[in-house]
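Proteins come first, then strands; the chains are lettered A, B, ... in the order of their sequence lines, and each starts at number 1. What you are looking at is a predicted structure, and each value in this text was computed from that prediction instead of being measured.
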Amino acid sequence: MMMKNDQLLALSESAIRYNHFLLDYCQTSISALSGCTAGIIGLTGLYGFLFYFICSILMSFVLVAFLGKNKSDYFLSTQSLFTSTIWSGLQTYLLFWTFLYGMCIDSII
Amino acid sequence: MGKFVLTLGLIGLCHAAYSATQHKSYMRLTEHDLDSGSSHISSLPLDILVQTVLCLFLSCLGVIQVAAKFKPIKITSEWENKTWDNVANRTSFYSFNHRGKFLFSDVDSENQRLLSNYVNINRAENISKKEDYSSESENYSLDEQSN
Amino acid sequence: MAELLLDSKIRFWVFLPLMAITFLVGIIKHYLFIFMSNDKTVDKQQLTDSQALLRSRLIRENGKYLPKESFLMRKNYFTNEDSGFFVKQKRQSTVKNPMSDPKAMTEMLKGNFLNMIPMVVIGGWINWAYAGFLCTKVPFPLTFRFKPMLQKDVNLVSLDASWVSSASWYIINLFGLRSMYNLVLGENNAADQTKAMQDQMSGAALSMPDDISKAFKAENESLTITEHKWLLKGIEQSFLN
């Protein structure tokens, strides 16, 4: 439980942590999926990284649309939806990108 | 609904991956892509490309619908369906040293113990007074207690 | 440089199995850990001590809401020079030696066992069985500084740095799949979280200080120097106005 001083709003810390956990969950799945996609369509170099950031931001927009008007009930700031987990998914993205890229690379049969 | 969309997206992604491999091996066999090896964006046909991106979007939607069941962070909404007994239950204010100890203890054995104490005290007193009447007064006191 | 082509058998017999093995070993490790870990038991003495410490801290922090007599009464109970709780209670200062405590020893051993054995055994086995393959190519160019990291076991000077050898692919998986465990075993993790919350509620998860007598002494001092400051002074007036 924590208090926000300016308007004396009581917040449940466990709910905040749970929400962040869910956000992380979404981010990880999106990075894995977008990594797969990038591998399949064979993006290389800078394009792949760009693709990750585009996907990640797109997911945030979808989340914002999904939560609709009452997103302030669930998160303190809308900005945290976009920025808080964007770096944590990069590792997963790289792994899946490499994996699917390796699977779809042309090779001698 | 979310699960269905997610499954659809995943299956579509798998299918797209398979078709991509097939296409590449086909291109390899027909010696076709020797000229396009250096380009950054791959030489996949458009339908596979569209399918991949579409399935990514579908599975994104599915994941968000399945996973994003957020909890409201305001403490009031959490307490709305709790009774006052639950909210006011503080471990720091527990008190175990109260009358319940006697209410729920084994009554008979407790009485027995008190009684024997009483008898011992009486006996000691009587011994100090007069040894002859000790047995009688003991009986008496016992009767009084049991009544 | 001429384009290298990999045999597709490498893909199906090295590249894919390595990822599957890493993933499954991680999951098995998780369930073994659940299976082998048992609940911590706290003995009564420790619980009493930690609750006393907690209570003293609460008095220090929130004593301003108590009337002066009540605060002094509580303070006296803990810090009286003759009969105070912190003065009277003499705990032998046992900084627990984990070697002498068989329970802690087995716990430690189990944790080490579960972390070390798969690392050594699986890592060794993979090094033995899958040594010296080139698995895949990372889809972005890398400088030559990454060569020792990505191309373990393959010492080819002229090879492009973005090729990945099998041993390195295993290591990349080992680190990269961590968040995937979160995804797959997410429900368990959530359960752990709620369990920790419950412990917090019942006060069982209080961190036990190693040296209880030292903690008592410190708490005694800090409570002794705490002055009572009545925060609710004139509260009736401010309520009325």
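- With a threshold of 4.5 angstrom between heavy atoms, B:Ala20 approaches chain A through side-chain atoms but not through N, CA, C or O.
- Taking both residues in full, the closest heavy atoms of A:Phe96 and A:Ala32 are given as CB-O, 3.7 Å, listed atom of the first, atom of the second, then distance.
- Aromatic ring orientation, A:Tyr93 versus A:Phe51: tilted (interplanar angle from 30° to 60°).
- Among B:Leu10, B:Val66, B:Leu13, the residue making the largest number of heavy-atom pairs under 4.5 Å with chain A is B:Leu13.
- A:Tyr52 places a side-chain N or O within donor-acceptor distance of the main-chain N or O of A:Ile86, the cut-off being under 3.5 Å.
- Counting only heavy atoms from C-beta outward, the side chains of A:Leu63 and A:Leu23 approach each other to under 4.5 Å.
- The part of A:Ser29 that comes within reach of chain B is its side chain, from C-beta onward, which places non-hydrogen atoms under 4.5 angstrom from that chain.
- Taking B:Ala17, B:Ser19, B:Cys55 one by one and counting their heavy-atom pairs under 4.5 Å with chain A, the maximum is reached by B:Ala17.
- With a threshold of 4.5 angstrom between heavy atoms, A:Phe66 approaches chain B through side-chain atoms but not through N, CA, C or O.
- If you measure heavy-atom distances from B:Tyr18 to chain A, you find no contacts under 4.5 Å at all.
- Atom CZ of A:Phe61 sits in a sparse spot, with 12 or fewer heavy atoms from other residues, nucleotides or ligands closer than 6.0 Å.
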